[in-house]
J.: 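Handing you this structure, nothing more for now.
For clarity, every value in this text was computed on a predicted model and none was experimentally measured.
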Amino acid sequence: MTVGGLSVGLESTPTRRGKRLSPMVYLLVAVGALVVLSAVRALSGATDLTSSGTVQAALTAAVPLAMAALAGLWAERAGVVNIGLEGMMVLGTFGAGYAGYQWGPWAGVVFGLFLGIVGGLLHAVATVTFGVDHIISGVAINLLAPGAALFLSKLYFADAPGGGQKQSPRIEDAAKVTLPGFSDLMGTIEGKRWFFVSDLAGVLRGLTTEISLLTLLAVVLIVGTGWVLWRTPFGLRLRSCGESPSAAESLGVNVYKYKYLAVTASGAFAGLGGAFLAVSSGQFRDGQTGGRGFIGLAAMIFGNWRPGGLATGAGLFGYTDAMALRGSNAVHALLLLLGIALVVVAVLQYRSGHNVLSGVAAVIGVLFGWWYFTSDEVPPELIGAAPYVVTLLVLGLASQRLRPPKFVGEPYRKGHAI
């Protein structure tokens, strides 16, 4: 590929690459997954597995996580590890709470995004300008942001009508859209409880009914990121800073500038994710992010530093989170789903030559299947942890052939050859 008319190799070391799957293969995988969901739904009687309500709740839960993962993608593609995503999301939630209840949800989104940018700039100054270790800088933001948000919450919300020391007054939700006619038709078919057909209708209805404009914005940002970073000269220059900054510098790329732009954009995306979390739930609350910044990093790694992959990881968390909200019966059915998923992962890892990982996935999958068939419900204490356990198990055991940017996390100084 070229930067400024000259050639630069982003893949500086030989890597083993599998064949790129065609859209038809992805479609067949999606159909197969829905068939499995339909079968488990019929066996367990857990109708929430494929209901439109579950799909809507999954989208709501997935968007903040996807924005955190997208934030990590932008920073790491430029060579900067942003472990401070959690703190930047916290700043976004407070910003949305402060501006949202006074001037409306979109003002809250903008102010949350702005505070995320502030967090990103602090991280950029520390890591790019002063060369502070990326992890230390990120941890510092994660420690300072919740304390600052709680202090400001007590300062601004304690005496506000409907507010409190740890929460903001109510925020109006963003506008939602529905595909007229189609949504009603899918609802009718969903109610028939036909195998596969009704399940497909439930998914389609959930994707076309009461969809927040913020969700649509998130989809545009994910698709737009893929185009900007992989289809434009700007994206090539930014990615070259994470692969070989000295080579990029020799071709006239201002590495510092692109790192600053990437980490600032990273803060903006994280702040946007926090703002969405506050607006969609109706208020800012202390501790609202619940570790989503870290799960976002896991989703980014699972997605191999690609927008489509991280969206899949975020969707997995969103779905399991939605199931947890449906109660013990839904989470109990999730045990069987997880067991099947891990067995599939075991087969794929075995075919890829990862025999030890395949064995671990197979054993854990069988144990989850055994748990499902020998019990009637999941202990209430475990329901809230289900999204985190399921997501980390699947992401951890399925993620192989990962190829991070070569220079991510490494110090860089202008004029110093690497």
J.: For a 4.5 angstrom cut-off between non-hydrogen side-chain atoms, does N329 reach D48?
T.: no

J.: Keeping the roles fixed (side chain from S352, backbone from L348), state whether a donor-acceptor pair exists under 3.5 Å.
T.: yes

J.: Could you tell me whether the side chain of Y372 and the main chain of L338 form a donor-acceptor pair under 3.5 Å?
T.: no

J.: Mind checking the CG-CE spacing from L113 to M88? Nearest 0.5 Å is all I need.
T.: 12.5 Å

J.: Any chance CZ of F151 has more than 12 other-residue heavy atoms, nucleotides or ligands included, within less than 6.0 Å?
T.: no

J.: Mark yes when over 12 heavy atoms from residues, nucleotides or ligands other than E410 sit less than 6.0 Å from its CD; otherwise mark no.
T.: yes

J.: Under the ring-ring contact (aromatic ring centres under 6.0 Å, His included) rule, collect the residues that match up with F317, sequence neighbours excluded.
T.: Y388

J.: Any side-chain to backbone donor/acceptor pair from S280 onto L277? Under 3.5 Å, distance only.
T.: yes

J.: Go through it in stages, so that I can follow the logic: the residues are S281 and Q288, the test is side-chain hydrogen bond (donor to acceptor under 3.5 Å, both in side chains), and I'd like the CA-CA distance, side-chain angles, deciding distance and then a yes or no.
T.: CA-CA 10 Å; S281 65; Q288 192 168 30; 2.8 Å; yes

J.: Working to the nearest 0.5 angstrom, can you tell me the gap between L91 CG and I117 CD1?
T.: 12.0 Å

J.: To check you understand the geometry: which heavy-atom pair defines the closest contact between I141 and P146, and what is its length?
T.: O-CD, 4.1 Å

J.: Distance from I295 atom CD1 to D321 atom CG, nearest 0.5 Å?
T.: 10.5 Å

J.: Step by step, would you call R306 with M300 a side-chain contact (heavy atoms from CB on, under 4.5 Å)?
T.: CA-CA 7 Å; R306 292 274 182 167; M300 177 201 66; over 6 Å; no

J.: What do the steps show when you test S44 against H332 for side-chain hydrogen bond (donor to acceptor under 3.5 Å, both in side chains), and what is the final call?
T.: CA-CA 9 Å; S44 65; H332 186 250; over 6 Å; no

J.: Quick one: ring-ring contact (aromatic ring centres under 6.0 Å, His included) pairs with a partner in residues 254-273, sequence neighbours left out?
T.: W74-F269, F234-Y258, Y256-Y412

J.: Residues two or more places apart in sequence or in another chain: which of them pass side-chain contact (heavy atoms from CB on, under 4.5 Å) with A262?
T.: A78, L238

J.: Looking at every non-hydrogen atom in both residues, tell me the closest pair between A346 and A362 and how far apart they are.
T.: CB-N, 3.6 Å

J.: Without swapping roles, check the side chain of N142 against the backbone of I83 for a donor-acceptor pair under 3.5 Å.
T.: yes

J.: Please tell me if the side chains of L213 and W106 come closer than 4.5 Å, counting only heavy atoms from C-beta onward.
T.: yes

J.: Quick one: does any side-chain atom of T289 pair with a main-chain N or O of R292 as donor and acceptor, under 3.5 Å?
T.: no

J.: Check Q283 against I171 and note the closest heavy-atom contact, atom names and distance.
T.: CA-CD1, 3.7 Å

J.: For side-chain contact (heavy atoms from CB on, under 4.5 Å), just list the numbers for I211 and T178, CA-CA rounded to whole Å, side-chain angles, deciding distance to a tenth of an Å, and then say yes or no.
T.: CA-CA 6 Å; I211 300 300; T178 298; over 6 Å; no

J.: F284 versus F157: any side-chain heavy-atom pair under 4.5 Å?
T.: yes

J.: Please name the pair of heavy atoms, one in A126 and one in S137, separated by the smallest distance, quoted to 0.1 Å.
T.: CB-OG, 3.5 Å

J.: To the nearest 0.5 Å, how far apart are CG in L367 and CG in L335?
T.: 11.5 Å

J.: May I ask you to decide if H123's main-chain N or O and T127's side chain share a donor-acceptor pair within less than 3.5 Å?
T.: yes

J.: Within the 4.5 Å heavy-atom criterion, are H134 and V80 side-chain neighbours or not?
T.: yes

J.: Could you report the tightest heavy-atom contact between F196 and S38, atom names first, then the distance?
T.: CA-OG, 3.4 Å

J.: A side-chain contact here means heavy atoms from C-beta on lying under 4.5 Å apart; do L337 and F368 qualify?
T.: no

J.: Can you tell which of S52, S51, S198 makes a side-chain hydrogen bond (donor to acceptor under 3.5 Å, both in side chains) with E190?
T.: S52

J.: Are the ring centres of Y156 and Y98 closer than 6.0 Å?
T.: yes

J.: Treating E86 as the side-chain partner and G291 as the backbone partner, does any N or O pair qualify as donor plus acceptor under 3.5 Å?
T.: yes

J.: Got a donor-acceptor contact below 3.5 angstrom from the T54 side chain to the L49 backbone?
T.: no

J.: Could you tell me whether E243 and K406 have a side-chain N and a carboxylate O separated by less than 4.0 Å?
T.: no

J.: Do side-chain atoms of R77 reach the backbone of W305 as a donor and acceptor pair under 3.5 angstrom?
T.: yes

J.: Are E76 and R239 ion-paired here, with the side-chain N under 4.0 Å from a carboxylate O?
T.: no

J.: Answer whether the closest heavy-atom distance between the side chains of L334 and Y319 falls below 4.5 Å.
T.: yes

J.: Quick check: do V223 and P307 have side-chain heavy atoms less than 4.5 Å from each other?
T.: no

J.: For the atom pair CD1 (I301) and CG (L73), what is the distance rounded to the nearest 0.5 Å?
T.: 11.5 Å

J.: Would you please test T209 and L179 for side-chain contact (heavy atoms from CB on, under 4.5 Å) and show each step?
T.: CA-CA 6 Å; T209 305; L179 191 61; over 6 Å; no

J.: Do S244 and F407 have side chains that get closer than 4.5 Å, going by heavy atoms?
T.: no

J.: Please report the shortest heavy-atom distance between W103 and A107, naming the atom on each side.
T.: CB-CB, 3.6 Å

J.: Evaluate V109 against V279 for side-chain contact (heavy atoms from CB on, under 4.5 Å), listing each step before the verdict.
T.: CA-CA 8 Å; V109 168; V279 170; 4.3 Å; yes

J.: Between OG1 of T225 and CG of L221, what distance do you get to the nearest 0.5 Å?
T.: 6.5 Å

